[in-house]
Amino acid sequence: MKGMKRPILIHPDPRLKKVCAPVSDLSDDLRRLADDMLETMYDAPGIGLAAPQVGVLDRLIVLDCEKDETKPPQPMVMFNPEVLSSSEDLNTYEEGCLSIPEQYAEVTRPAAVRVGWLDRDGNPQERDFDGLWATCVQHEIDHLNGKLFLDYLKPMKRQMITRRMQKLKRERARA
Ligand code: GNR
Ligand code: NI
């Protein structure tokens, strides 16, 4: 159950722009990857993580948006997640991304979504999400389609953040 921490890719990286491949057989390797992603997410800390953020181009996301530390954790593992329907009403959240550290921007998305996926045993699941869970699951599914929250911003702001990240990566490479 307990996974190992993996390094998180920082934008810009070509792997964060790829459309990820559907998972066909749920192997032990894929379940281990899910455990590693949860470990990496909790360690960061973050509320979600998509496989491409650790360099694996498979359709797998993990999330836990339970913010109340007095409640038990609610880890979720979703293979091949799909938005089945979206509410007409929208919600704006200040989003961040573990692949774009310390940069935040408001993004507007459907306030509620119905999502279908395969759980870690390969059983199909379907559930409605709202609030932070709805925002997070949409943010994670975007990652599987090579999309970052930056893609919703005005070009000027996107370029400013991308330049900051290029600088951060140069500095990290020197250190
Ligand atoms: O940890 C995260 N926080 C967050 C806050 C608002 C909207 C989306 C997110 S997801 C992010 C982790 C991450 O980068 N997942 O891909
Ligand atoms: Ni992200």
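A quick note: this is a predicted structure, and the numbers were derived from the prediction, not measured.
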Sidechain-backbone polar pair: [X] side chain, [Y] backbone, donor-acceptor under 3.5 Å:
X	Y	result
Gln138	Ala134	yes
Arg31	Arg120	yes
Asp13	Ile10	no
Arg158	Leu153	yes
Asp119	Asn123	yes
Gln159	Met156	no
Asp36	Met4	yes

Practice task
Begin from the C-alpha positions of Ile8 and Thr40 and carry the test side chain to side chain contact (heavy atoms under 4.5 Å, CB included) through to its verdict.
Solution key: CA-CA 8 Å; Ile8 298 175; Thr40 304; 3.7 Å; yes
Indicate, with yes or no, if [Y] and [X] share a hydrophobic cluster defined by side-chain heavy-atom contacts under 4.5 Å among Ile, Leu, Val, Met, Phe, Trp and Tyr.
X	Y	value
Leu63	Leu144	yes
Val54	Met41	yes
Ile61	Val56	no
Leu16	Ile161	no
Val23	Val137	no

Practice task
Might you work through the side chain to side chain contact (heavy atoms under 4.5 Å, CB included) test for Gln103 and Met165, ending with a clear yes or no?
Solution key: CA-CA 9 Å; Gln103 308 298 315; Met165 293 300 102; 3.6 Å; yes
Exercise for the section: Please say whether more than 12 non-hydrogen atoms of neighbouring residues, nucleotides or ligands are located less than 6.0 Å from CD in Glu102. Expected result: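 Result for CD/Glu102: open.
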Exercise for the section: Assess whether atom CG of Asp25 is packed by more than 12 heavy atoms of other residues, nucleotides or ligands within 6.0 Å. Expected result: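 For Asp25, atom CG is not crowded (no more than 12 foreign heavy atoms under 6.0 Å).
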Exercise for the section: Sequence neighbours left out, what pairs pass side chain to side chain donor-acceptor pair (under 3.5 Å) with at least one residue falling in residues 82-92? Expected result: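 Non-adjacent pairs meeting side chain to side chain donor-acceptor pair (under 3.5 Å): Thr92-Thr108.
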Measuring only between side-chain heavy atoms, which start at C-beta, is [X] closer than 4.5 Å to [Y]?
X	Y	result
Pro52	Leu9	no
Glu140	Gln53	yes
Thr162	Leu150	yes
Leu148	Lys17	no
Cys65	Met76	no
Asp142	Arg109	yes
Tyr152	Glu95	no
Leu132	Tyr93	yes

When rounded to the nearest 0.5 angstrom, what distance separates [atom1] in [X] from [atom2] in [Y]?
X	Y	atom1	atom2	value
Leu118	Leu26	CG	CG	6.0 Å
Leu60	Cys20	CG	SG	9.5 Å
Leu38	Asp43	CG	CG	12.0 Å
Asp28	Leu33	CG	CG	12.5 Å
Arg170	Lys167	CZ	NZ	7.5 Å
Glu39	Lys2	CD	NZ	3.5 Å

Handout entry: Test log, rule side chain to side chain contact (heavy atoms under 4.5 Å, CB included), inputs Val83 and Arg114
Key = CA-CA 6 Å; Val83 174; Arg114 171 159 297 180; over 6 Å; no
If you look at every heavy atom in [X] and [Y], which pair is closest and at what distance?
X	Y	result
Ile47	Cys136	O-SG, 3.5 Å
Asp130	Ala112	CB-CB, 4.2 Å
Met37	Ala50	CE-C, 3.6 Å
Phe149	Gly96	CE2-C, 3.8 Å
Pro101	Leu168	CG-CD2, 3.7 Å

Practice task
Enumerate the residue pairs fulfilling salt bridge (Lys or Arg N to Asp or Glu O under 4.0 Å) with a member in residues 57-75, sequence neighbours excluded, ordered by first and then second residue.
Solution key: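 For residues 57-75, and leaving out neighbouring residues, there are no salt bridge (Lys or Arg N to Asp or Glu O under 4.0 Å) pairs at all.
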Handout entry: Tyr42 six-ring centre to Lys5 NZ/CZ under 6.0 Å and within 45° of normal
Key =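 Lys5 over Tyr42 ring: no.
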Exercise for the section: Return each pair, listed once, that meets ring pair (Phe, Tyr, Trp, His ring centres under 6.0 Å) where at least one residue sits in residues 117-147; pairs must be two or more places apart or across chains. Expected result: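 Checked against ring pair (Phe, Tyr, Trp, His ring centres under 6.0 Å) - neighbours excluded - the pairs reaching residues 117-147 are His139-His143.
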Problem - Stepwise salt bridge (charged side-chain N to carboxylate O under 4.0 Å, His left out) check, Arg32 with Asp35 - result: CA-CA 5 Å; Arg32 254 193 302 274; Asp35 290 340; over 6 Å; no
Practice task
Let me see the working for Asp128 and Val113 under side chain to side chain contact (heavy atoms under 4.5 Å, CB included), right down to the final yes or no.
Solution key: CA-CA 6 Å; Asp128 292 326; Val113 286; over 6 Å; no
